[in-house]
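Structure first, commentary second.
The sequence lines fix the lettering, A, B, ..., with proteins before strands; numbering per chain opens at 1.
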Number of protein chains: 2
Amino acid sequence: MEKELELFERHIQHKGLKRSNQRDCILKTFLKSERHLSAEDLFHMVKQDYPHIGYTTVYRTLRLIVESGIAEVVDFDDGVKRFERKLGREYHAHFICSHCGNHFEAFDVNIKTLSSRLAKEQGFLPQNHRLEIFGICKKCG
Amino acid sequence: MEKELELFERHIQHKGLKRSNQRDCILKTFLKSERHLSAEDLFHMVKQDYPHIGYTTVYRTLRLIVESGIAEVVDFDDGVKRFERKLGREYHAHFICSHCGNHFEAFDVNIKTLSSRLAKEQGFLPQNHRLEIFGICKKCG
DNA sequence: CTACTTGCAAAGCATTTGCCGGATG
DNA sequence: CATCCGGCAAATGCTTTGCAAGTAG
């Protein structure tokens, strides 16, 4: 969490912006939460501390969070963007069940290895990668 | 192309729907085209044959195409869904340049192998997978 | 004090739905 | 001739922007 706060601070400074209680609250709520939050999820969580918070502020802060390198966007093809913490999570794949819509993840070091090798072969400088696997989960199968 | 037409026919039949010149034209245009078409791209291409075509019909037919198993959705985080042919293309990764926005792909048999192994470990029945790598391309690097 | 932030309301954008004349089998 | 199709216009749902009052440094 320290690392993330520092990244956020640095990004805010770098863009000549200011911190605020709302931004801090949104960031901390995001960091405390489970994975795969939508803007709406986060909005409702923050609303408990800031009843007057608006979607606007949540969206704007999420943008800052992504720009800071703290989080990244994931997409499960249901029309909603979700956000997840990035740091130290480079080795995981997302599983999305096409029957119940639930998703979970799995870690495997080879995901990073494979992405890095492919990128190198293409003369591409990789910053980030996503592996999503769609199918039927244990419960639905 | 034969294989895809058959899949489409079967899906149409199965749902008790009818074929039409527009649907055939949209499907054939899609199949003839390059990869990674947005609905808008396809709309403009089909408009050359059917000046009165509407977005609606393109969207509805794209849905049928995806349902038939002919194509799948890819997402480059720019707010637009893109569609690409599915058959025989299980071994590729997408590279998206975060500077110029261009994208290309690379084939590697290990992508499928890795996805299948991970899914097996999770008791998950995989139907489909996506590997997207974001970063800086050769030109922009 | 100046510039940034907030949150409401309104706009924007890709996509979907309602409707009804028109086509298909 | 019952049912599905096609395309316009309107609606939808997520996300962004404009604006005027409020706040940070």
If we count only N and O atoms by modelled type, under 3.5 Å, do the side chains of A:Glu84 and A:His92 hold a donor and an acceptor together? yes
Can you work out whether A:Tyr55 or A:Leu64 has the more 5'-proximal nearest nucleotide on DNA chain C? A:Leu64
Euclidean distance, atom CG of residue B:Leu42 to atom P of C:dA14 [Å, nearest integer]: 16 Å
Distance check: side-chain N/O of A:Thr57 vs OP1/OP2 of C:dG7, anything under 4.0 Å? yes
Checking all strands, does B:Glu40 fall into the base, sugar-phosphate, or nothing category for heavy-atom contacts under 4.0 angstrom? nothing
Would you kindly give the CG-to-P distance between B:Asp75 and C:dT15, to the nearest whole Å? 10 Å
Side-chain heavy-atom pair B:Asp77, B:Phe134 within 4.5 angstrom cut-off: yes
Please identify the 5'-most and 3'-most nucleotides of DNA chain D with any atom under 4.0 angstrom from a heavy atom of chain A. D:dC14 to D:dA24
Find out whether A:Lys139 and A:Cys100 are in side-chain contact, i.e. whether some heavy atom of one side chain is under 4.5 Å from a heavy atom of the other. no
Using a 3.5 Å distance criterion without hydrogens, assess whether the side chain of A:Arg130 forms a donor-acceptor pair with backbone atoms of A:Val73. yes
Less than 4.5 Å apart, any side-chain heavy atom of B:Ile65 and any of B:Thr61? yes
Got a sec? Which of residues 5-15 of chain A come in under 4.0 Å of DNA chain C, heavy atoms? none
I'd like to know if the side chain of A:His129 reaches the main chain of B:Gly135, judged simply by a donor and an acceptor atom lying under 3.5 Å from each other, with no hydrogens or angles considered. no
Side chains of A:Val74 and A:His94: closer than 4.5 Å at any heavy-atom pair? yes
Please encode protein proximity along nucleotides 19-25 of chain C as a string of B, S and -, counting only heavy-atom distances under 4.0 Å. -----B-
Rounded to the nearest angstrom, tell me the gap between atom CG in B:Asp41 and atom P in C:dT15. 11 Å
Side chain to side chain, A:Ser115 and A:Pro126, heavy atoms closer than 4.5 Å: no
For C:dT16, take OP1 and OP2 only and decide whether either is under 4.0 Å from a side-chain N or O of B:Tyr59. no
Determine, step by step, whether B:Phe104 and B:Phe95 satisfy the ring pair (Phe, Tyr, Trp, His ring centres under 6.0 Å) criterion, reporting the C-alpha distance in whole Å, the side-chain angles of both residues, the deciding distance to 0.1 Å, and the verdict. CA-CA 5 Å; B:Phe104 64 96; B:Phe95 289 84; 5.0 Å; yes
Examine distances only and state if a side-chain atom of A:Ser38 and a backbone atom of A:Arg82 form a donor-acceptor pair shorter than 3.5 Å. no
Is a side-chain N or O of B:Arg23 found less than 3.5 angstrom from the main chain of B:Lys18, in a donor-acceptor match? yes
Atom pairs and distances, donor-acceptor, side-chain atoms in residues 43-54 of chain B, under 3.5 Å, two or more places apart:
{"from": "B:Lys47", "atom 1": "NZ", "to": "B:Pro51", "atom 2": "O", "distance (Å)": "3.0"}

Dot-bracket, DNA chain D: Watson-Crick or G-U, under 3.5 angstrom, [ ] crossing, | other strand? |||||||||||||||||||||||||
Residue set satisfying side chain to side chain donor-acceptor pair (under 3.5 Å) with A:Glu9, at least two apart, ordered chain then number -> A:Gln13, A:Arg19
